[in-house]
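Take a look at the structure below.
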Amino acid sequence: MTITDHRPGAAPGAAQAPGAAAGPGSVTPVLEVRDLHVEFATRDGVAKAVNGVSYSVDPGETLAVLGESGSGKSVTAQAIMGILDSPPGRISRGEILFQGRDILTMTAEERRRLRGAKMAMVFQDALSALNPVVSVGTQLGEMFRVHEGLSRKAARAKAVELMDRVKIPAAKQRVGDYPHQFSGGMRQRIMIAMALALEPDLIIADEPTTALDVTVQAQVMDLLAELQRELNMGLVLITHDLGVVADVADKIAVMYAGRIVETAPVHDIYRRPAHPYTRGLLDSIPRLDQKGQELYAISGLPPSLLAIPSGCAFNPRCVRAQDVCRTEIPALHPVTDREGHAVPGRGSACHFWKETIDG
Ligand code: ADP
Ligand code: MG
């Protein structure tokens with residue numbers, strides 16, 4: 001593992017010295033998902049939860065994965081972490097590269113060692129992810145006992161250190177407390193501490209703040225972003241809330257019915273969305289300056305994954321849909337700026353992305 005120099009504000013993936021021959025593309029991504037397909041065998045048929053997802057994350061980079069509930073965000077994460085509910089779930093196609101190595105071809109033991117030490121996950125609900133009958137100090141310390149063979153006492157000291165690091169007040173006094181004795185926000189910090197314990201190279205945070213109050217949400221998100229920068233980790237931040245990612249993400253991938261429908265550097269997506277679905281998501285963010293106005297919501301429901309609509313899966317809900325949208329699955333087209341230059345990292349899976357971006 002090489003820790004590249006990463007200063008806050010430095011462009012992601014561009015940590016080389018200025019003038020170095022290596023371009024941004026020369027960094028090995030910490031994670032690369034290629035054409036991933038995941039399906040579930042159900043009583044009613046095969047649910048196609050993930051249908052050709054590709055994304056990558058460089059060291060020190062944050063990718064926000066966005067989309068309504070049921071779009072396949074968590075299933076993708078579970079496939080990456082090797083915690084897919086299988087059966088009934090099954091990866092039917094694709095590759096998952098961790099630091100350039102395909103983890104789907106690794107042995108169970110190799111994957112187990114990666115998990116926790118090199119890649120870790122933060123879940124939405126700390127209360128069910130933490131063990132209720134074991135003190136948080138013991139749970140945090142366990143990471144060091146198992147992976148680094150530390151003594152009970154040394155592990156406890158590490159646990160206190162970690163609790164300090166995620167800014168839990170009076171860590172020393174609280175290290176023996178149980179999960180239910182902490183507030184929701186503090187529990188989420190404990191789970192972040194757990195994920196960070198062994199300084200992994202990749203963190204997947206699945207709706208890490210969704211269960212929290214808005215003010216606490218921002219604090220926990222800021223903490224996560226701060227630690228991620230400090231440790232130069234890759235971060236996949238899964239959320240259904242476009243509002244929370246603007247300040248922390250470098251780039252965004254929008255998912256719909258198990259496919260990526262738009263990718264973009266974070267600011268481009270707010271300024272000029274290139275997919276009608278993204279536009280709909282943006283329009284449904286509450287804005288302080290529009291108090292009292294009715295909130296726009298995308299009409300209709302996400303499709304059944306047992307019978308995804310032909311063509312563009314979004315077509316039944318789309319204001320722009322034409323015949324071609326009902327017959328042809330749109331590829332992720334490169335998206336150009338106003339001068340007609342392709343924008344690196346931008347793509348839209350809409351037949352009418354040009355009209356969308358300009359309209
Ligand atoms: P989200 O984008 O909200 O995280 P998920 O990735 O959790 O969505 O789920 C996508 C779809 O995958 C679900 O709507 C469901 O149809 C299917 N799915 C997920 N987990 C299971 C499971 N354990 N058994 C059967 N189907 C599942
Ligand atoms: Mg989910």
Side-chain angles (χ1 to χ4, degrees), residues 31-57 63-98 102-108 110-112 114-116 119-125 127-129 202-208 210-211 236-241 253-263 275 277 281 298 300-317 326 329-332 349:
L31 173 71
E32 199 179 347
V33 177
R34 292 184 183 160
D35 195 31
L36 185 72
H37 289 67
V38 182
E39 50 190 45
F40 290 90
T42 75
R43 245 187 358 201
D44 303 317
V46 177
K48 299 197 163 169
V50 179
N51 302 296
V53 162
S54 302
Y55 58 61
S56 80
V57 186
L63 164 72
V65 179
L66 226 101
E68 283 166 300
S69 171
S71 53
K73 308 180 298 293
S74 295
V75 169
T76 305
Q78 289 156 10
I80 296 165
M81 289 299 295
I83 54 170
L84 193 65
D85 190 10
S86 171
R90 180 175 86 91
I91 295 176
S92 57
R93 208 195 307 170
E95 287 173 306
I96 300 171
L97 307 186
F98 182 78
D102 187 354
I103 57 179
L104 298 180
T105 60
M106 287 181 184
T107 64
E110 280 178 301
R111 289 203 75 175
R112 201 188 56 76
L114 269 186
R115 235 178 354 252
M119 58 201 305
M121 190 144 172
V122 175
F123 297 91
Q124 174 178 335
D125 179 10
L127 210 47
S128 59
L202 174 72
I203 293 231
I204 301 181
D206 192 352
E207 312 260 6
T210 301
V236 177
L237 179 62
I238 297 173
T239 175
H240 66 272
D241 185 354
V254 181
M255 284 186 71
Y256 189 80
R259 296 184 191 131
I260 290 182
V261 295
E262 179 160 8
T263 58
H275 195 288
Y277 178 60
L281 287 180
I298 304 168
L301 292 170
S304 158
L305 300 174
L306 297 167
I308 296 175
S310 61
C312 170
F314 186 59
N315 85 70
R317 303 172 73 186
R326 291 179 266 274
I329 298 180
L332 201 67

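For the numbers below, each heavy atom of this structure counts, side chains included, while hydrogens, waters and symmetry mates do not. Not measured: the values here are computed from a predicted model.
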Gap separating the CG atom of L66 from the CG atom of L281, nearest 0.5 angstrom: 6.0 Å
For V38 against A79, the heavy-atom pair lying closest together: CG2-CB, 4.2 Å
Atom of P303, atom of A313 and distance for their closest heavy-atom approach: CG-O, 4.4 Å
Reported OG-to-NE2 distance for the pair S71 and H240, which is rounded to 0.5 angstrom: 10.5 Å
CE on M121 to CD1 on I203, rounded to 0.5 Å: 11.0 Å
Smallest separation among heavy atoms of L237 and P208, with atom names: CD1-CG, 3.7 Å
Set of residues satisfying side-chain contact (heavy atoms from CB on, under 4.5 Å) with respect to L127, sequence neighbours excluded: D125, P179, R187
Whether R93 side chain and G52 backbone form a donor-acceptor pair below 3.5 Å: no
Nearest-0.5 Å distance, NZ of residue K73 to CG of residue D206: 7.5 Å
Audit row: V65, T76, side chain to side chain contact (heavy atoms under 4.5 Å, CB included) steps and yes/no: CA-CA 10 Å; V65 179; T76 305; over 6 Å; no
Minimum side-chain heavy-atom gap I80-F98 below 4.5 Å: no
Any M106 side-chain heavy atom under 4.5 Å of L114 side chain: yes
Closest approach of E68 to P302 (non-hydrogen atoms, all atoms of both residues): OE1-CG, 4.0 Å
Parallel, tilted or perpendicular, as decided by the 30° and 60° cut-offs, for the rings of H275 and F314: tilted
Close side-chain approach of V50 to H37, heavy-atom, < 4.5 Å: no
Interatomic distance, S54 atom OG to L36 atom CG [nearest 0.5 angstrom]: 8.5 Å
Shortest non-hydrogen contact from R259 toward I329: NH2-CD1, 3.6 Å
Kindly list each side-chain donor-acceptor pair under 3.5 angstrom involving residues 39-46, sequence neighbours excluded, with atom names and distances?
residue : atom : partner : partner atom : Å
E39     : OE2  : R90     : NH2          : 2.9
T42     : OG1  : D44     : N            : 3.2
T42     : OG1  : G45     : N            : 3.2
T42     : OG1  : G45     : O            : 2.6

Partner residues of P316 under the side-chain contact (heavy atoms from CB on, under 4.5 Å) criterion, sequence neighbours left out: P309
Interatomic distance, T210 atom OG1 to Q124 atom CD [nearest 0.5 angstrom]: 4.5 Å
Minimum-distance pair of heavy atoms, taken over all atoms of A77 and I204: CB-CG2, 3.8 Å
Expected output: side-chain T263 to main-chain A253 donor-acceptor under 3.5 Å: no
